[in-house]
Amino acid sequence: MGAGHGHRLHFHAHSPVHRAPAHLKVLALLGFMLVVVATPREAYAVFVVEALVLLGVIGVSRVPLGYLLPRMVVEVPFAVFAVLMPFISHGPRTEVLGVSVSEPGLVAGIALLVKGSIGVLASLTLAATTEPQDLLRGLQRLRMPELVVQIMGFMIRYLDVVTAELGRMMTALRSRGCDPRSPRHWPVLARSLGALFIRSYERGERVHLAMLSRGYDGKLPQLEKTP
Amino acid sequence: MHVPDGFLDAPTSVATGAVAAAAVAVSLRGARRELDDRTAPMAGLVATFVFAAQMINFPVGAGTSGHLMGGALAAVLVGPWTAVLCLSVVLLVQALLMADGGITALGTNITLIGIVTVAVGWAVFVVLRRVLPKRLDLVAPAAAVGALASVPVAALVFTGLFAIGGNAPVDLGAVVTAMLGWHTVIGMGEAVITGLVVASVVAARPDLVHGARPLVAERELVTRKVVPQ
């Protein structure tokens, strides 16, 4: 069930990066990415240094690059936009491999691609080295409102339960000749989603009652660090 | 699909982060009114539902697909404050645990997907609910129109942010046209699915639909005698 260890991106290993407190990792990621985002777009030497720092952290974390790189497909839509940039931008033209492209567009496209890639790789590193419970504890230490941390905790806990429920519904639809992607079958798909909402909502009510019967008073005990 | 790191410059990202933090703080108070002490588990499960619903892709044309944003849907189903919280938490989990959407762009993503779609969807829905006849079967069409409006407006706000802090020398008129055209198509998909989902929940459990509560409350419980044969 959803309360197990790790999550889909978590890579089990023992390294200083895995052991580092989650709140420091989140702060480090945020600070690092703000520096990357604020780097001038033509400071290529700085980009190289930033990429090397990130690769160094990944090296220490012992998460193989072969594990992280395929998971970078998340950024594909924006990579496409970055690649299109030299062609759709205005400004002085320049020749690259015999194709006329916009020079400022080329610079912006490369910067976008580099910053986006560093961002995705850095976020993946955090996700791969941090257990959800540690992340919640870290956010708590960063003074994130208690209620937001609790909502996030419930979401993480029931993520696999609810998505698996949706998956079973989709399997049932497909086995009856439905294609959930096709607009022709949207009414059926929507009824399934409606049912999923009712089930999720009622599960929430049951969880709340179960918590009350165990003495819930607005605080979650298991988030406090167990010795 | 979320805004990644580096798409908008640092000052814009920090500013939208501040907007997002303020909106979440206000929503925390509002959600307590909507859900009282059930807030944490209920909002958590609804956030999970929104996440699951966002996994459904639909074809938009030209080989690409869009997915449900769910802002208007969540607003009508659980109320606007809880909806802002749910979508913000979904985006937070996606940024921190799934590398979907950059951490510096989290404020931008929460502002666009969490706040603008919910606010626009809910506002349009409430206006329509007031104007239209007070009938339960009109809740779903009103929700659909709210969803239809919410997506292009979010795209427009994104274009505004892009004009302020965009990192690309692209002609702004072209961006507006492309974003609006594209997102109107996505908005239609969003509208149809939102309307159908709301209709199905209204049919089965009208008491759960936050946007239908005033209408459900007006319905009287009628007890009739069985006429003896």
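Quick note on labels: first sequence line is chain A, next is B, and so on, each numbered from 1.
Of the two parts of A:L124, the backbone and the side chain both hold a non-hydrogen atom closer than 4.5 Å to a non-hydrogen atom of chain B. Of the two parts of B:V202, neither the backbone nor the side chain holds a non-hydrogen atom closer than 4.5 Å to a non-hydrogen atom of chain A. For A:M170, the part lying near chain B is the side chain, with the backbone staying farther off; criterion is any non-hydrogen pair under 4.5 Å. For A:L135, the part lying under 4.5 angstrom from a heavy atom of chain B is the side chain only. In this structure, chain A has heavy atoms under 4.5 Å from both the backbone and the side chain of B:V90. For chain A, the nearby parts of B:I103 are the backbone and the side chain; heavy atoms of each come within less than 4.5 Å. Neither the backbone nor the side chain of A:L121 comes within less than 4.5 Å of any heavy atom in chain B. At a 4.5 Å heavy-atom cutoff, A:L209 makes no contact with chain B through either its backbone or its side chain. No part of A:E165 comes within reach of chain B, as not one of its non-hydrogen atoms sits under 4.5 angstrom from that chain. In this structure, the portion of A:M144 lying under 4.5 Å from any heavy atom of chain B is its side chain and not its backbone. Contacts of B:A95 with chain A are made by backbone atoms alone, with heavy-atom separations under 4.5 Å and no side-chain atom involved.
Of all heavy-atom pairs between A:T163 and B:A52, the closest is CG2-CB, 4.3 Å. Residues B:M42 and A:E205 approach most closely at SD-N, 3.4 Å, considering heavy atoms. Considering all non-hydrogen atoms of both residues, A:Y216 and B:A40 come closest at OH-CB, 3.9 Å. The nearest pair of heavy atoms linking B:P41 to A:G204 is CB-O, 4.0 Å. When all heavy atoms of A:A190 and B:L196 are compared, the pair lying nearest together is CB-CB, 3.1 Å. Residues A:S200 and B:F49 approach most closely at OG-CB, 3.8 Å, considering heavy atoms.
Between the CG atom in B:L45 and the CZ atom in A:F197 there is a gap of 10.0 Å [rounded to 0.5 Å]. Here the straight-line distance linking atom OG1 of B:T48 with atom CZ of A:F154 works out to 10.0 Å at 0.5 Å rounding.
Looking at heavy atoms from C-beta onward, B:R32 lies in side-chain contact with A:L147 at the 4.5 angstrom threshold. Within the 4.5 Å cutoff, the side chain of B:D5 has no heavy atoms near those of the A:K115 side chain. The shortest distance between side-chain heavy atoms of B:V78 and A:Y201 falls below 4.5 Å. Residues A:L126 and B:L97 fail the side-chain proximity criterion, which asks for heavy atoms closer than 4.5 Å.
Looking only at heavy-atom pairs under 4.5 Å with chain B, the residue among A:V207, A:V36, A:L30 that has the most is A:L30. Considering only heavy-atom pairs separated by less than 4.5 Å from chain B, the leading option among A:V114, A:L193, A:L166 is A:L193. When A:V120, A:I118, A:L34, A:V35 are compared by the number of non-hydrogen pairs under 4.5 Å with chain B, A:L34 comes out ahead. Counting heavy-atom pairs closer than 4.5 Å to chain A, the top-ranked of the candidates B:L77, B:L85, B:V192, B:V93 is B:L77.
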Checklist entry - Do B:L92 and A:M152 pass the side chain to side chain contact (heavy atoms under 4.5 Å, CB included) test, and can you show the C-alpha distance, the side-chain angles, and the key distance before you say yes or no? => result CA-CA 8 Å; B:L92 184 66; A:M152 192 173 160; 3.4 Å; yes
